[in-house]
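Keep in mind the model is a prediction, meaning the values are calculated, not measured.
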Amino acid sequence: MWIKLGIIVAVVVLGGIIFSTEITSLFPSTSVQLADSLKDDIYEINSKITDSAENRLDTSIDKTIQSVSNSGKIGKLLKTGDKMVENVNEKISEGITETGDNIKSEIVKSSELSTEIIGDKVSELDPFTFIKNTFKIN
């Protein structure tokens with residue numbers, strides 16, 4: 001009986017060691033850097049959206065300037081257009097930053113909650129009771 005128990009314990013310990021090293025080698029940044037990875041992705045999306053919006057606004061302002069280029073009010077229109085672009089870009093950047101911050105905080109909250117839940121469930125595991133019940137003869 002002790003030999004069987006020793007073999008099972010040795011297999012479980014060896015399996016745990018192999019499994020933990022294989023998981024970290026297959027997925028080195030998944031479990032450790034999930035929040036950082038998502039934060040970087042959100043930042044990249046924010047910058048792409050901002051660049052796209054700025055390019056579209058610049059294009060539309062350039063078209064407007066070309067259509068009014070024959071009139072004498074071009075300087076005043078340019079100043080107004082520049083102010084409009086600055087205001088719109090500022091509002092877009094603020095909205096994107098706020099959205100990214102909200103998403104990041106929700107991800108951090110869910111990560112902390114899942115860590116607590118997993119920790120609670122792991123602490124409830126009792127392998128010795130399981131092994132004892134397995135070898136119990138009724």
Atom [atom1] of [X] and atom [atom2] of [Y]: how far apart are they, to the nearest 0.5 Å?
X     : Y     : atom1 : atom2 : result
Met84 : Leu57 : CE    : CG    : 6.5 Å
Asp51 : Arg56 : CG    : CZ    : 12.5 Å
Ile8  : Ile3  : CD1   : CD1   : 12.5 Å

Set of salt bridge (Lys or Arg N to Asp or Glu O under 4.0 Å) partners for Lys4, sequence neighbours left out =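 Partners of Lys4 by the salt bridge (Lys or Arg N to Asp or Glu O under 4.0 Å) criterion come out as none, since no residue qualifies.
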
How would you list, by chain and number, every residue that makes a salt bridge (Lys or Arg N to Asp or Glu O under 4.0 Å) with Glu86, sequence neighbours excluded?
->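 Scan of Glu86 (salt bridge (Lys or Arg N to Asp or Glu O under 4.0 Å), adjacent residues dropped) gives none.
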
Any side-chain heavy-atom pair from Ile96 and Thr50 closer than 4.5 angstrom?
-> yes

Could you tell me whether the side chain of Asn102 reaches within less than 4.5 Å of the side chain of Glu98, counting heavy atoms only?
-> yes

In the single-linkage hydrophobic clustering (I, L, V, M, F, W, Y; side-chain heavy atoms under 4.5 Å), do Trp2 and Ile7 co-cluster?
->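 No, Trp2 and Ile7 fall in different hydrophobic clusters.
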
Side chain to side chain contact (heavy atoms under 4.5 Å, CB included) involving Leu113 - partner list, sequence neighbours excluded |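 Leu113 satisfies side chain to side chain contact (heavy atoms under 4.5 Å, CB included) with Glu116, Ile117 only.
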
Would you say Ser52's side chain and Ile49's backbone share a donor-acceptor pair under 3.5 angstrom?
-> no

